[in-house]
Amino acid sequence: MVQAAENRTDLTARLVGAGPHPRLAGWDRAEVDVLDAEPVAGYADLLSGNAGQRMLLAVPSGLLADAAPGSTIRARARLAASGEAMAEKRPAPGTFAVEPPG
């Protein structure tokens, strides 16, 4: 397995839908439209190219429990060696939020 560079990107996305991740226990897989992507200081930025596009994002189970389609998600994410975008497993305060559609 190829190791990905240590990377982080702050994503703002609109939730299209979510469900249990088909391969990762304890994770959900969200389909999102990426509204904005910003580099995180001190890390490679491997996800900003997804701004304006739809993508799949792995999110720890429970973080999207009350999220409805149309919700805005703010997450710090990384591109894993598998090529999958993944939100941080234990997000630091202020690095993950769900805002209801409005």
Side-chain angles (χ1 to χ4, degrees):
M1 180 182 287
V2 175
Q3 183 162 339
E6 196 58 36
N7 68 93
R8 297 288 183 282
T9 304
D10 285 332
L11 299 177
T12 301
R14 178 123 25 250
L15 180 64
V16 176
H21 196 288
R23 295 183 325 276
L24 299 175
W27 291 80
D28 291 330
R29 185 164 65 182
E31 184 174 7
V32 299
D33 290 328
V34 180
L35 306 173
D36 189 39
E38 296 291 329
V40 174
Y43 291 95
D45 173 17
L46 302 182
L47 293 173
S48 284
N50 291 293
Q53 299 188 29
R54 186 164 287 182
M55 66 180 272
L56 297 174
L57 178 65
V59 179
S61 294
L63 292 180
L64 295 176
D66 297 324
S71 295
T72 299
I73 300 169
R74 299 181 195 288
R76 183 160 288 172
R78 67 183 176 89
L79 185 64
S82 65
E84 186 165 23
M86 301 184 75
E88 290 184 317
K89 187 170 186 171
R90 292 177 193 87
T95 62
F96 189 93
V98 176
E99 300 166 10

Which pair of heavy atoms, one from [X] and one from [Y], lies closest together, and at what distance?
| X | Y | answer |
| --- | --- | --- |
| Ala85 | Leu47 | CB-CD2, 4.1 Å |
| Asp28 | Gly62 | OD2-N, 3.9 Å |
| Leu79 | Asn7 | N-OD1, 2.7 Å |
| Val98 | Ser71 | CG1-CB, 4.0 Å |
| Ala13 | Val32 | CB-CB, 3.7 Å |
| Pro101 | Pro69 | CG-O, 3.6 Å |

[Y] and [X], any side-chain heavy atoms less than 4.5 Å apart:
| X | Y | answer |
| --- | --- | --- |
| His21 | Met86 | no |
| Val34 | Leu11 | yes |
| Leu35 | Arg14 | yes |
| Thr72 | Thr12 | yes |
| Thr9 | Leu46 | no |

CA sep, side-chain torsions, deciding dist, call: Arg8, Glu88, salt bridge (charged side-chain N to carboxylate O under 4.0 Å, His left out): CA-CA 9 Å; Arg8 297 288 183 282; Glu88 290 184 317; 3.3 Å; yes

Any residue meeting side-chain hydrogen bond (donor to acceptor under 3.5 Å, both in side chains) with Ser48, in chain and number order, not counting sequence neighbours: Asp45

Please identify each residue that fulfils side-chain hydrogen bond (donor to acceptor under 3.5 Å, both in side chains) with Glu31, with sequence neighbours left out. none

Residues clustering with Val40 (ILVMFWY side chains joined when closer than 4.5 Å, directly or via others): Tyr43

Shared hydrophobic cluster for Leu64 and Met55 (ILVMFWY, side-chain gaps under 4.5 Å): yes

Is Glu99 paired with Arg74 through a side-chain N to carboxylate O contact shorter than 4.0 Å? yes

